[in-house]
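Structure, as structure tokens:
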2 protein chains.
Amino acid sequence: MSSTAPAAAAPEDLLRGAGLRVTAVRVAALHAVGHKQHATADDVLGSVRAELGTVSVQAVYDVLHALTDARLLRRIEPAGHPARYERRTGDNHHHVVCRSCGAIGDVDCTVGHAPCLTPSDDHGFVVETAEVTYWGLCPGCRTSGSAARI
Amino acid sequence: MSSTAPAAAAPEDLLRGAGLRVTAVRVAALHAVGHKQHATADDVLGSVRAELGTVSVQAVYDVLHALTDARLLRRIEPAGHPARYERRTGDNHHHVVCRSCGAIGDVDCTVGHAPCLTPSDDHGFVVETAEVTYWGLCPGCRTSGSAARI
DNA sequence: TGCTCAACTGGAATCATTCCAGATTACGGT
DNA sequence: ACCGTAATCTGGAATGATTCCAGTTGAGCA
């Protein structure tokens, strides 16, 4: 068993590796986000239920929190849209969000090592992370012209 | 840069200049945000009521939207915190948000003309704006050390 | 000095997410 | 293998920010 590739790592191993209990809901949730990058809690709930049958809303939110805390998932919260989750690559990438439909795309930091990610005046804050979000229109919404609110 | 004045411009003129009707609630709302930068809708509601007496929740949300659309205010929506409004200066500055209490500080873009504000791969999106948010702890929460008291 | 449409009122509704209290279950001992 | 005990999960109710709706009021043009 030289199952190396972290990308292909089995959910069970990821969980154990993070010191978390291996439960059906957690495994299913990891599968769900693996299949649909940038899934909402609701998407995950759907997938998990499709896979396991009855699962409470709470269980999914709990799991998503646990996985996020354990760094197995990363949560993105675009203003005006429900939170989304992605399997984190560890790299610090950013996101393009469609102002119209909320679609999200990954964006690598243009400049390798974030230049403007160190505030000029931090007001005494201890800055831990910087987050960049690009707002615009996705190909689909651009083509279908209208529909965009405002 | 040379166009300073706006800070001192009377709310009435700002409204008229933007082609908006001059109403008590709007004027009071502009005052409110002027006095307390980064005010929440609730803060504004409070100030406006203190100034005018009875005012509906709806009126304030309507006004904040109208003013935001007219570019007299800028809305900031830090993940996990209610939206906040600031009197926009036209410059594209960013924000430091306290992970613990939600306090917000303004941060000028370190590099004048946003370098990493052009995504390397835009996935076909038409990017309109880029938004940078720094997350950390404000001086107060840092000192009081423990228990993030929301 | 009226008229008209944008603004406002008040109350109910929505949506994502969280709180609660009790039932279930993974997994480190013995 | 078997138990005990947190850690999890269930189901339902609650929260909080914001929006929808239908009717009333008032700013600003004629």
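Atom set for the values below is all heavy atoms of this structure, side chains included, hydrogens, waters and symmetry mates excluded. In what follows, chains are A, B, ... by sequence order, proteins preceding strands, each numbered from 1.
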Open item on the list: Short of 4.0 Å, heavy atom to strand atom, which residues of residues 21-32 of chain B count as contacting DNA chain D?
Closed with: R21(B), V22(B)

Task: Inter- and intrachain pairs under ring-ring contact (aromatic ring centres under 6.0 Å, His included), touching residues 21-60 of chain A, at least two apart - done: H38(A)-H95(A)

Tabulate below the donor-acceptor pairs under 3.5 Å that side-chain atoms of residues 10-18 of chain B make, not counting sequence neighbours, or state none.
none

TODO: Please tell me if the side chains of V107(B) and Y134(B) come closer than 4.5 Å, counting only heavy atoms from C-beta onward.
DONE: yes

Open item on the list: A side-chain contact here means heavy atoms from C-beta on lying under 4.5 Å apart; do S100(A) and C138(A) qualify?
Closed with: no

- [ ] Would you mind reporting whether I104(A) and V96(A) have side-chain heavy atoms less than 4.5 Å apart?
- [x] no

Open item on the list: Need one value for T54(A): base, sugar-phosphate or nothing, where a base atom within 4.0 Å counts as base even if backbone is also close, heavy atoms only.
Closed with: sugar-phosphate

- [ ] Would you kindly confirm whether V25(A) and L20(A) end up in one hydrophobic cluster when ILVMFWY residues are joined by side chain heavy atoms under 4.5 Å apart?
- [x] yes

- [ ] Using heavy atoms to find the nearest nucleotide of DNA chain D for G19(A) and D42(B) separately, return the residue whose nucleotide is more 5′.
- [x] G19(A)

Open item on the list: If you assign L20(B) and A41(B) each to the DNA chain D nucleotide with the nearest heavy atom, which residue ends up on the more 5' nucleotide?
Closed with: A41(B)

Open item on the list: Need two values: the first and the last nucleotide of DNA chain C, 5' to 3', having an atom under 4.0 Å from any heavy-atom of chain A.
Closed with: dA16(C) to dC27(C)

Task: Set of side-chain hydrogen bond (donor to acceptor under 3.5 Å, both in side chains) partners for T129(B), sequence neighbours left out - done: R99(A)

TODO: Output every pair passing salt bridge (Lys or Arg N to Asp or Glu O under 4.0 Å) with a member in residues 21-43 of chain B, not counting sequence neighbours, ordered by first then second residue.
DONE: K36(B)-D43(B)

TODO: Establish whether W135(B) and F125(A) are linked, either directly or via other cluster members, by ILVMFWY side-chain heavy-atom contacts under 4.5 Å.
DONE: no

- [ ] Identify, residue by residue, the members of residues 56-67 of chain B with a heavy atom below 4.0 Å from DNA chain D, and return them in order of residue number, or none.
- [x] Q58(B), Y61(B), H65(B)

Show every donor-acceptor pair shorter than 3.5 Å between a side-chain atom in residues 71-83 of chain A and any protein atom, with sequence neighbours excluded, or say none if there are none.
| residue | atom | partner | partner atom | Å |
| --- | --- | --- | --- | --- |
| R74(A) | NH1 | H93(A) | O | 3.2 |
| R74(A) | NH2 | H93(A) | O | 3.1 |
| R75(A) | NH2 | H65(A) | NE2 | 3.3 |
| R75(A) | NH2 | Y85(A) | OH | 3.0 |

TODO: Kindly indicate whether the side chain of R49(B), heavy atoms from C-beta on, has any atom under 4.5 Å from the side chain of V60(B).
DONE: no

Open item on the list: Rounding to 10°, can you tell me the angle the first-five-pair axis of the helix from dT1(C)-dA30(D) to dT30(C)-dA1(D) makes with its last-five-pair axis?
Closed with: 40°

Open item on the list: Counting C-beta onward and ignoring hydrogens, is there a side-chain heavy-atom pair between L137(A) and E128(B) closer than 4.5 Å?
Closed with: yes

Task: Euclidean distance, atom CG of residue L45(B) to atom P of dT19(D) [Å, nearest integer] - done: 14 Å

Task: Same apolar cluster (I L V M F W Y, side chains within < 4.5 Å links), V44(B)/L67(B) - done: yes

